[in-house]
Amino acid sequence: MADRHPLFMPLILVGGVVFGFGLGFSQMARPEVVLNFLQFEDFGLLFVMFGAAIVSGLAFAVMPRIRDRAPLTGDTYERRLKPFDRNVLVGGAIFGVGWGLSGICPGAAYASLGTGNVTILWALAGMFGGAYLQGYWRSRTASSDTAAAGAD
Amino acid sequence: MVTDPVLLQAAADLFPSGISRYAVGGFLVGLGTVLIYVGTGIPAGASTFLESTLSYVSDQSRFQQYVASRDWRVVFTAGIVLGGLLFAATVQSGVVTSTLYQSGSTGELYEVGGVTLWSTDVQPWRLLVGGLFVGVGTRVGKGCTSGHGVCGVGSASKTSIAGVVTFLVVAILTAQAVAALGVTP
């Protein structure tokens with residue numbers, strides 16, 4: 001990790017800018033638009049989520065076949081596969097309550113801040129608080145039963 | 001072109017803001033993910049940043065496991081914020097116009113130094129309490145809308161598809177219940 005390619009961080013930054021611009025352009029960075037979708041008043045948001053998944057899915061399918069390793073890290077190309085357990089459903093349901101109440105998710109909250117939405121700092125404060133609560137609790141239970149969760 | 005008036009009316013009902021801004025935005029979200037993946041092999045999600053950043057200030061083992069990735073995750077998040085600002089300074093401010101962009105009537109626009117910024121009308125308590133649930137849920141559930149929704153679904157991961165279906169159904173039920181209780185916005 002110490003000898004990262006000098007273009008590593010610039011590429012991460014550019015990727016983030018394109019990602020954030022897309023969240024702004026689609027207006028998924030606006031909680032009202034997400035809530036309108038969840039209340040079945042405007043289904044356009046489906047095109048953001050599945051459009052992005054299709055575009056990235058092409059890269060996940062193609063890159064492992066045409067190249068062995070990524071140029072800036074030397075890492076092998078792998079798909080994003082995570083082990084399934086009950087936490088995926090429990091955590092997903094808790095996330096759903098939060099998303100349905102606030103209309104905002106982490107990536108959209110960062111982009112929303114960029115579009116000038118200072119009020120979204122409430123949501124970001126809540127997200128950090130929630131991440132801290134579960135991390136504090138799970139660090140304690142993990143050290144008491146020494147089971148490595150292995151979740152990313 | 002679709003000219004059937006019944007179909008046109010149905011499309012207008014389902015997509016009152018059209019689909020182009022959503023499709024273009026989704027393409028760009030995917031493109032940002034692809035740029036990072038092609039260069040680095042990393043399928044980047046947005047929510048691990050919450051925990052990896054806490055590793056700067058907390059010694060809890062849950063956060064310390066992300067020390068190796070915390071620097072680039074800060075840069076990724078800074079990029080997303082800058083991307084939102086770039087959108088505000090160009091399209092939202094009307095400096096760049098596109099027929100693909102449909103401006104909405106939600107929230108409030110305000111100006112600072114010639115840049116048109118936007119702020120939400122959704123009540124702070126909803127954002128704070130909802131954010132708290134989002135923070136817990138995304139970390140327990142191993143991903144958020146970008147990690148599971150974009151990278152995981154793009155990888156045809158059954159775990160991620162189960163996660164997305166779960167949070168989508170629960171979010172729809174929650175939002176409809178909150179609206180039915182008369183909370184607006």
Side-chain angles (χ1 to χ4, degrees), chain A residues 11-13 15-22 24-26 31-32 38 43-44 47-48 51-53 55-57 59-60 70 72-73 75 79-82 84 88 91-102 105-107 110-111 114-117 122-123 126-127 130-131 134-135 139 151, chain B residues 14 22-23 25-26 28-30 32-36 39-41 43 46-47 50 60-62 72 75-76 79-81 83-85 87-88 106 117-119 122 124 127-128 130-137 139-141 145-146 150-151 153-155 157 159 163 166-167 170-172 174-175:
Chain A
L11 180 71
I12 296 279
L13 184 70
V17 167
V18 174
F19 189 100
F21 189 95
F25 195 94
S26 69
E32 285 91 333
L38 295 173
F43 287 90
F47 283 85
V48 185
V55 172
S56 68
F60 291 129
L72 302 188
T73 55
D75 291 349
R79 295 189 296 152
R80 182 187 184 280
L81 302 174
K82 300 217 166 174
F84 180 83
V88 175
I94 297 171
F95 177 87
V97 170
W99 198 36
L101 183 60
S102 64
C105 56
Y110 314 152
T115 66
N117 190 6
W122 288 103
M127 287 178 200
Q134 65 81 36
S139 295
Chain B
L14 294 175
Y22 294 111
L28 291 173
V29 169
T33 307
V34 169
L35 285 172
I36 292 173
T40 68
S47 68
L50 299 169
Q60 302 285 340
S61 59
R62 274 296 304 181
W72 74 253
V75 172
F76 180 48
I80 297 174
V81 175
L85 180 60
F87 162 76
T106 55
L117 299 172
W118 179 89
S119 191
V122 174
L127 299 175
L128 180 67
L132 199 65
F133 277 92
V134 166
V136 173
R139 303 323 305 151
V140 171
T145 340
S146 63
V150 177
C151 295
V153 170
S155 298
S157 156
T159 298
T166 305
F167 70 60
V170 174
I172 287 167
T174 304

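Owing to the predicted nature of the structure, the values given are computational and were not obtained by experimental measurement. Within every chain, numbering begins at 1; the chains are lettered A, B, ... in the order of the sequence lines, protein sequences first and strands thereafter.
Rounded to the nearest 0.5 angstrom, B:Leu128 CG and A:Leu101 CG are separated by 10.0 Å. With rounding to the nearest 0.5 angstrom, the CD atom of A:Gln134 is 11.0 Å from the CG atom of B:Leu132.
Side chains of A:Ser102 and B:Val122 form no contact here, defined as non-hydrogen atoms less than 4.5 Å apart. The shortest distance between side-chain heavy atoms of B:Val34 and A:Val55 falls below 4.5 Å. The shortest distance between side-chain heavy atoms of A:Phe19 and B:Ser146 falls below 4.5 Å.
Ranked by heavy-atom pairs under 4.5 Å with chain B, the first of A:Thr73, A:Ile12, A:Leu13 is A:Ile12. Comparing B:Gly30, B:Gly84, B:Gly25 by heavy-atom pairs within less than 4.5 Å of chain A, the highest count is held by B:Gly84. Interface summary for chain A: among B:Leu85, B:Thr106, B:Ile80, B:Val150, the most heavy-atom pairs under 4.5 angstrom belong to B:Ile80. When each of B:Gly32, B:Ser61, B:Pro124, B:Gly83 is scored by its heavy-atom pairs under 4.5 Å with chain A, the top score falls to B:Gly83. Each of B:Phe133, B:Tyr22, B:Trp72 has some count of heavy-atom pairs under 4.5 Å with chain A, and the biggest count is that of B:Tyr22. Ranked by non-hydrogen atom pairs under 4.5 Å with chain A, the options B:Gly163, B:Ala46, B:Gly39 are led by B:Gly39. For chain B, the option among A:Gly51, A:Gly57, A:Ser26 with the highest count of heavy-atom pairs below 4.5 Å is A:Ser26.
Across every non-hydrogen atom of B:Ala88 and A:Thr115, the tightest pair is CB-CA, 3.9 Å. Closest heavy-atom contact between A:Ala52 and B:Val29: CB-CG1, 3.8 Å. A pairwise comparison of heavy atoms in A:Leu38 and B:Ala175 identifies CB-CB, 3.6 Å as the closest pair. Summarising the geometry of B:Trp118 relative to A:Pro31, their closest heavy-atom pair is CH2-CD, 3.7 Å, with the distance given to 0.1 Å.
Taking A:Leu81 as the reference, A:Arg79, B:Ser155, B:Ser157 meet the side-chain contact (heavy atoms from CB on, under 4.5 Å) condition, with sequence neighbours excluded. Taking B:Leu28 as the reference, A:Val18, A:Phe21, B:Val24, B:Leu31 meet the side-chain contact (heavy atoms from CB on, under 4.5 Å) condition, with sequence neighbours excluded.
Judged by distance alone, with hydrogens and angles left aside, the side-chain atoms of A:Ser139 form a donor-acceptor pair with the main-chain N or O of B:Arg62 at under 3.5 Å. The main-chain N or O of A:Pro106 is never found under 3.5 Å from a side-chain atom of B:Ser47 such that the two would form a donor-acceptor pair.
The six-membered or imidazole ring of B:Phe76 lies away from that of A:Tyr110, with a centre-to-centre distance of 6.0 Å or more.
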- [ ] Start with the C-alpha gap between B:Thr145 and A:Trp99, add the side-chain angles, then the distance that decides, and say whether side-chain contact (heavy atoms from CB on, under 4.5 Å) holds.
- [x] CA-CA 10 Å; B:Thr145 340; A:Trp99 198 36; 4.2 Å; yes
